[in-house]
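Everything on this sheet refers to the single structure shown next.
Just so you know, these numbers use all the heavy atoms, side chains as well, and skip hydrogens, waters and symmetry mates.
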Amino acid sequence: MTEALSTSEKYLWQYVQEHSDDIVNISIVELSEKANVSTATIVRTMKKMGYSGYTPFRQEAIRKLTNKKQDFKVLKETKSV
């Protein structure tokens, strides 16, 4: 999928991957400022990556982060034999 992205969209996608834990707490405007791209670039990138926009992408990021935290909690609570 990433081969269909423009240079700025690839940069944004890389930025998002490197800062995935931060994405759950920031709006599209904040992401635009932090990644130094336009909000239109963000929406276009998310659509090319299979999302209908930034909000659905962010919601999935929140779900993934929540699941990761729950997995670590289970591992932490499991006693070693």
| task | Just do the side chain to side chain contact (heavy atoms under 4.5 Å, CB included) check on V16 and Y54 with the steps written out, would you? | result | CA-CA 11 Å; V16 165; Y54 178 68; over 6 Å; no
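- Only one option out of K10, E18, Q17 pairs with Q14 in a side chain to side chain donor-acceptor pair (under 3.5 Å); it is E18.
- Atom NZ of K48 sits about 11.5 Å away from atom CG of L12, to the nearest 0.5 Å.
- When only modelled atom types and interatomic distance are considered, R63 and T66 share no side-chain donor-acceptor pair under 3.5 Å.
- Shortest non-hydrogen contact noted between L5 and M49 is CD1-SD, 4.0 Å.
- A side-chain donor-acceptor contact under 3.5 Å links R58 to the backbone of I26.
- Counting only distance, with no hydrogens or angles, the side chain of E9 and the backbone of S6 share a donor-acceptor pair below 3.5 Å.
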| request: Check the pair L31, T39 against side chain to side chain contact (heavy atoms under 4.5 Å, CB included), reporting the backbone distance first and the verdict last. | output: CA-CA 8 Å; L31 176 58; T39 55; over 6 Å; no
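- Using a distance-only test at 3.5 Å, with no hydrogens or angles considered, no donor-acceptor pair links the side chain of S32 to the main chain of I28.
- By the 4.0 Å N-to-carboxylate-O rule, K64 lies close enough to E60 to be salt-bridged with it.
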| said: Could you go through V37 and Y15, starting from their C-alpha distance and side-chain angles, then the distance that decides it, and tell me whether this counts as side chain to side chain contact (heavy atoms under 4.5 Å, CB included)? | reply: CA-CA 11 Å; V37 297; Y15 181 91; over 6 Å; no
| F57 and I42: CA distance, side-chain angles, deciding distance, side chain to side chain contact (heavy atoms under 4.5 Å, CB included) verdict | CA-CA 10 Å; F57 169 77; I42 295 170; over 6 Å; no
